[in-house]
Amino acid sequence: MAAEKTTQAMTDEPSRSPLLLILALAACVGVVAFSFYLGLQKSAIQEEQKRLDGEILTLKNEIIALEEEKVEAAQLAQKWLEEVEKKEIRWSGVITRVNSLLPFDAVTKQYKVKFLSYSGAQGGKLTLNGQSRETVSDPYPDVAEVIEVFNDSSYFYNAYVPSVTRGENDQGLKLASFILSAYYREEVPEVKSPAVSAGESAAEEGSQETTERVPRQ
């Protein structure tokens, strides 16, 4: 009886060995497959991290470029503003100079003309709507004097009256309504003294004489 049990046990052991071997191989394959999967996942994560790092770097570069462009734009705007301010005509100063040129009559203690409206345009062009004082005599000399004082001024030039109308008030006094056109300049041109001009002319003549006296070779 004991011999039969021993024989049966020996018969069952070989049948269990292939099953254990199959289970061990399956476990190894599973471990290898899981390790391979983890490797793929790690590689994918690394690639995604590289892509994100590249996008972050690109965004940083774009931000820096925008900041530089903003600074450059601000500098250009400031430069443009300075250029505009250099060319800008400050009309309040223009009107002050206009009023300073009004001819004054010391006898009657009144200005000979008055300006009712002002108009300025690009390039310093002025258009003034004026009126002479009410007088018993001819008002045209007052208008002529205005033209003269404007053309004699260092800040105004090409002054003329394209339109003038003569009229009378209720008391029969004569007056003239006129339009004065002139040009204004901020920078007054330099005027050379007669002595300097004469010296330059003499120097030019001396230079010409010296050139003429050089003998030909």
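Here the structure is a predicted model, which is why all the values come from computation and not from measurement.
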Heavy-atom closest pair, residues [X] and [Y]:
X: I147; Y: Y160; result: CG2-CA, 4.5 Å
X: R185; Y: S154; result: NE-O, 3.0 Å
X: V164; Y: V161; result: CB-CG1, 4.2 Å

How far does [atom1] of [X] sit from [atom2] of [Y], to the nearest 0.5 angstrom?
X: E55; Y: K60; atom1: CD; atom2: NZ; result: 13.5 Å
X: E148; Y: L101; atom1: CD; atom2: CG; result: 12.0 Å
X: N99; Y: K114; atom1: CG; atom2: NZ; result: 13.0 Å
X: Q131; Y: T165; atom1: CD; atom2: OG1; result: 11.0 Å

Can you tell me if [X] uses its side chain to pair, donor with acceptor, with the backbone of [Y] under 3.5 Å?
X: R166; Y: D138; value: no
X: N151; Y: A159; value: yes
X: S153; Y: F150; value: no

State, with a plain yes or no, whether a side-chain heavy atom of [X] is found less than 4.5 Å away from one of [Y].
X: S119; Y: L126; answer: no
X: Y184; Y: K125; answer: no
X: Y118; Y: N129; answer: no

- Item | Y111 OH: over 12 foreign heavy atoms closer than 6.0 Å | no
Which side-chain N or O atoms in residues 170-181 pair as donor and acceptor under 3.5 Å with protein atoms at least two apart or in another chain?
| residue | atom | partner | partner atom | Å |
| --- | --- | --- | --- | --- |
| Q171 | OE1 | N169 | ND2 | 3.3 |

- Query: Honestly curious: do F104 and V143 fall in one hydrophobic cluster under the side-chain, below-4.5 Å linking rule?
  - Reply: yes
- Query: Strictly by modelled atom types, are D105 and T108 linked by a side-chain donor-acceptor pair under 3.5 Å?
  - Reply: yes
- The remaining residues in the hydrophobic cluster of Y157, counting side-chain heavy-atom contacts under 4.5 Å among Ile, Leu, Val, Met, Phe, Trp and Tyr, are Y183
- Query: Under the side chain to side chain contact (heavy atoms under 4.5 Å, CB included) criterion, do R97 and F156 qualify, and how do the steps go?
  - Reply: CA-CA 9 Å; R97 290 195 171 100; F156 299 93; 4.1 Å; yes
